[in-house]
Undergrad: 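Here it is: the structure, laid out below.
Chain letters run A, B, ... following the sequence lines, proteins first and then strands; every chain starts at 1. The model shown is predicted, which means the values in this text are computed figures rather than measured ones.
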Amino acid sequence: MIQGIVFTCILILSIYFFSKRIGQIRKNIFLGRDEARNDRPWDRWKVMFRVAFGQSKMAARPTVALLHFFVYAGFIIVNIEILEIIIDGIFGTHRVLSFYIPMGLYNFLIGTFEYLALMVWVACFVFLIRRNVMKISRFWSSEMKIGPRTDANLILIIEILLMTAFLMMNAADYLLQKQNYGHYIVAGSFPVSNYLRPLFLSFSTDTLFLVERFCWWFHIVFILLFLNYVPYSKHLHILLSFPNTWYSNLNAKGAFTNMTSVTNEVKMMLDPTIVPDVNGVPARFGAKDVADLTWKQLMDAYSCTECGRCTSECPANITGKKLSPRKIMMDTRDRLEEFGMGVHKNGAAFDDGKSLLFDYVSEEELWACTSCNACVQACPVNIDPLSIILDLRRFLVMEQSSAPSEINSMFSNIENNGAPWKFPSSDRMVWSETGV
Amino acid sequence: MQEKNDSIKVPTLAECIANGESPEILFWVGCMGSFDERARKITRALVKIFQHIGLKYAVLGLEESCTGDPAKRAGNEFLFQMQALSNIDVLNGYEVKKIVTACPHCFNTLKNEYSSLGGNYEVFHHTTFLQNLIDAGRLKVEGGTYQGKKIVFHDPCYLGRGNGIYEAPRDLIVKLDAELSEMKRSRAHGLCCGAGGGQMFKEPEKGEKDINIERTSEALQQKPDVIAVACPFCMTMMSDGVKNFNKESEVKVLDIAELILTANDL
């Protein structure tokens, strides 16, 4: 009874804090500019099923894809087990589902969860080795400071602890079942935890009961803690990858958006009779800070799990330039957290004198981009770092006239000669003449 | 490659209209194809193929102007739209329907970025266009010069990732009876040559090496006879890379159009 009350309180509190945090993230995302991403819903569902559910883009690296798939399947399917644990927790029952579904199915389910738990355990262990022993370079590049590295390790360690507790709990349960102890009815099959039994053979029945209870509580409390840690960590992709892929850019990757605000201005320049639409003029052209980006670009930032595939395929980064698409996403998220907190405390007029551009992302990084779309292609959850790079460049060029001098020459050549070089436009047909 | 340096009579759209002719397609030459010494040879190769099969084409000539691609990607949306709107004015004035270009940057911009500004055309990259001509039986390609030669193809970003065209250039190479060789990073994961996004016009940022060196060394690892490209910017970057490794006598860098032309000895 007391256990049930304690459990219910913990459950309510963790759901409350989780929802509050998700609400804050939602508000932060909507600090971004509006952008319509609701067209072609059927295509959007297809992209989401293929890329998020089907993890199609992970397949580029098959070994990791398989390991990641175990963790993903474990996460999705073990939720059924969590349903049972929550009901048991609230009502003080034990293995409640075994009373309501055929025992054969129940045994099959518990057995499957055990295999999954083992695979999750192994996968997380391999991931820890890859990060900390093999030191795979994309986990150790310059933006992967102690914070992000610890975040990743913490998540993997929690998952290993969760799976350990789950399997130990089952092993103890199995032994108690065999001894007809209390309410431990014979239910479930234990193909994995069966092998953990030798650990407990010397334990008395009462100690076994304590072990089972401890593991049960440890497992569920850590799941609830994990639930509340996820929205503060890079691990939010387990939730956001679904909406983030649904709202993917469906156009060709080469197509960059045309700024309608600019179209209006250009049309007025070309035809002075057009009456200016005052509402159409934005506060600034391009993006200086997070609020100048669109909500989708901000959702991208929260969806990033810092895997670094983008950076490892970025031609600028590969050849030693400062640019890292992953850092662009991490910077956007960090700045959005800071800015969102400021707006939350001080209202919409919040200004701390800082901005995403300059204080987080430098001009040197931005000008190293070749706009090749390798980062966009590489991202397993369809994040678009290139669109942020472009919007920051737009601010530099259109608001500050601050581009490298050669780029400014290219601009003036196009303006004056209709070509990016200083050739007279009258030479356009020279290629057809003799002696070229 | 033996090039005949004779003058080519190239019809402009203005002349065609004046003569009451309506060409099948507009050939958008692009700034590289017009002004860059090496890229001009690609332009000439393509035109010779057109003339060989009697295709009715025309160019804009002096009425052509930069599509605005480098300006847009460097962040100058004003300049891009100025270029776009005035080009659309010219194209729509001539009621242009179909465009072919040998530059993936022009291709991408004309195809994807002009439509919302009022310019709607059916735009082809020359590799797709040549492929279509072969499929329609209008252009015959036989092995000839490149039979059994090893050709490695470098994907242009704005053709491949940008627009999902990976097969047309490869199919053409295979039609030459050549051995198509793939780098480890190819198709959707192809590495950029380093020219896009305005990089062509500036010095690279500080780093360990230049992108074209990284890419060319990857291509050279395949020990090819030819590095095939399908973009005039890639042509510059890969040619410079090959020169950097002092391999220009062993390894040729050629555009797909040049391969087709020389294979047929047109």
Side-chain angles (χ1 to χ4, degrees), chain A residues 60 251-256 258-259 262-263 265-267 269-270 285-286 313 315-316 318-323 364 367-374 376-378 390 393-394 396-398 403-404 406-407 409-411 414-415 418-421 423 425-429 431-436, chain B residues 5-10 29 31 33-35 40-41 43-44 47 61-62 64-66 68 70-79 81-83 85-86 108 112-113 116-117 157-158 161-164 188-189 191-192 194-199 201-211 214:
Chain A
N251 299 325
K253 286 192 188 69
F256 288 13
N258 290 334
M259 297 169 68
V262 169
T263 313
E265 301 251 327
V266 172
K267 280 190 174 153
M269 273 195 273
L270 296 175
F285 293 108
E313 301 213 8
I318 287 170
T319 54
K321 277 80 173 177
K322 258 189 168 177
L323 174 65
E364 184 181 341
W367 289 114
C369 175
T370 69
S371 77
C372 75
N373 263 306
V376 183
Q377 176 69 40
L390 180 73
R393 275 189 180 184
R394 281 170 169 169
L396 283 175
V397 169
M398 290 190 283
E406 307 115 299
I407 291 287
S409 310
M410 179 262 284
F411 292 153
I414 293 179
E415 260 184 272
W421 306 278
F423 298 116
S425 53
S426 54
D427 282 358
R428 252 192 200 274
M429 287 301 289
W431 61 267
S432 67
E433 290 163 17
T434 318
V436 173
Chain B
N5 282 336
D6 46 348
S7 170
I8 312 172
K9 178 83 195 79
V10 179
V29 181
C31 299
S34 302
F35 297 110
R40 278 171 172 170
K41 293 185 179 163
T43 308
R44 289 170 69 92
V47 160
L62 303 188
E64 190 182 293
S65 186
C66 174
K72 187 177 184 84
R73 266 141 265 274
N76 197 336
E77 183 73 6
F78 275 101
L79 183 52
Q81 293 203 13
M82 296 277 278
Q83 290 298 117
L85 289 173
S86 69
N108 176 67
N112 297 318
E113 293 170 349
S116 76
L117 298 170
C157 304
Y158 277 85
R161 269 191 299 272
N163 286 286
H189 296 279
L191 187 79
C192 175
Q199 302 298 335
F201 309 99
K202 60 185 263 297
E203 286 302 311
E205 273 59 33
K206 204 158 60 59
E208 287 146 20
K209 60 169 129 170
D210 288 345
I211 295 171
E214 167 85 11

Undergrad: For Asp210(B), enumerate each residue passing the side chain to side chain donor-acceptor pair (under 3.5 Å) test, keeping only those at least two apart in sequence or located in another chain.
TA: none

Undergrad: Out of Met429(A), Lys322(A), Lys267(A), which one racks up the most heavy-atom pairs below 4.5 Å with chain B?
TA: Met429(A)

Undergrad: Is Glu64(B) in contact with chain A via its backbone, its side chain, both, or neither, using a 4.5 Å heavy-atom distance?
TA: both

Undergrad: Donor-acceptor check, side chain of Gln83(B) to backbone of Glu415(A), threshold 3.5 angstrom: yes or no?
TA: no

Undergrad: With a 4.5 angstrom heavy-atom cut-off, is it the side chain or the backbone of Gln81(B) that approaches chain A, or both, or neither?
TA: both

Undergrad: Looking at every heavy atom in both Met398(A) and Phe78(B), which two are closest together, and how far apart are they?
TA: SD-CD1, 3.3 Å

Undergrad: Among Met269(A), Glu313(A), Lys253(A), Lys321(A), which residue has the highest count of heavy-atom pairs closer than 4.5 Å to chain B?
TA: Lys321(A)

Undergrad: So which residue, Ala316(A), Pro315(A), Ala60(A), ends up with the most heavy-atom pairs under 4.5 Å with chain B?
TA: Pro315(A)

Undergrad: Return the minimal non-hydrogen interatomic distance between Arg393(A) and Gln199(B), and the atom names on each side.
TA: NH2-NE2, 3.8 Å

Undergrad: Specify the closest pair of heavy atoms between Ala255(A) and Asn108(B), including all atoms of both residues, with the distance to one decimal.
TA: N-OD1, 3.7 Å

Undergrad: With Phe201(B), which residues qualify under side-chain contact (heavy atoms from CB on, under 4.5 Å), at least two apart?
TA: Met410(A), Pro420(A), Trp421(A), Pro70(B), Phe233(B)

Undergrad: Is a side-chain donor or acceptor of Glu77(B) paired with a backbone partner of Arg394(A) at a separation under 3.5 angstrom?
TA: no

Undergrad: If we define contacts as heavy-atom pairs under 4.5 Å, which of Ser116(B), Pro204(B), Ala195(B), Ala74(B) has the most with chain A?
TA: Ala74(B)

Undergrad: Between atom CD1 of Ile211(B) and atom CD1 of Ile318(A), what is the distance when rounded to the nearest 0.5 Å?
TA: 8.5 Å

Undergrad: Highest number of heavy-atom pairs under 4.5 Å with chain A: which of Glu214(B), Lys9(B), Lys209(B)?
TA: Lys209(B)

Undergrad: Given side chains that start at C-beta, do those of Asn251(A) and Asn112(B) come closer than 4.5 Å, heavy atoms only?
TA: no

Undergrad: Going by heavy atoms in the side chains, are Arg428(A) and Val29(B) under 4.5 Å from each other?
TA: no

Undergrad: Out of curiosity, Asn258(A) CG to Lys72(B) NZ, how far, rounded to the nearest 0.5 Å?
TA: 4.0 Å

Undergrad: Which distance, rounded to the nearest 0.5 Å, do you find between the CG of Leu79(B) and the CD1 of Ile414(A)?
TA: 5.0 Å

Undergrad: With chain B, which of Ala368(A), Ser425(A), Ala403(A) has the greatest number of heavy-atom pairs at distances under 4.5 Å?
TA: Ala368(A)

Undergrad: Taking all atoms of both residues into account, what is the closest heavy-atom pair of Gly196(B) and Ser371(A), and its distance?
TA: C-OG, 4.2 Å

Undergrad: Which one of Asn163(B), Val47(B), Leu62(B) has the most heavy-atom pairs closer than 4.5 Å to chain A?
TA: Leu62(B)

Undergrad: So what's closer than 4.5 Å to chain A heavy atoms on Leu191(B): side chain, backbone, both or neither?
TA: side chain

Undergrad: Phe35(B) and Ala419(A): which non-hydrogen atoms are nearest, and at how many Å?
TA: CE1-CB, 3.6 Å

Undergrad: Contact part of Asn76(B) toward chain A, heavy-atom cut-off under 4.5 Å: side chain, backbone, both or neither?
TA: both

Undergrad: Got a donor-acceptor contact below 3.5 angstrom from the Asn373(A) side chain to the Arg161(B) backbone?
TA: no

Undergrad: I'd like to know if the side chain of Glu113(B) reaches the main chain of Phe256(A), judged simply by a donor and an acceptor atom lying under 3.5 Å from each other, with no hydrogens or angles considered.
TA: yes

Undergrad: Within this structure, what is the CD1-CZ distance for the pair Ile407(A) and Arg73(B), rounded to the nearest 0.5 Å?
TA: 13.0 Å

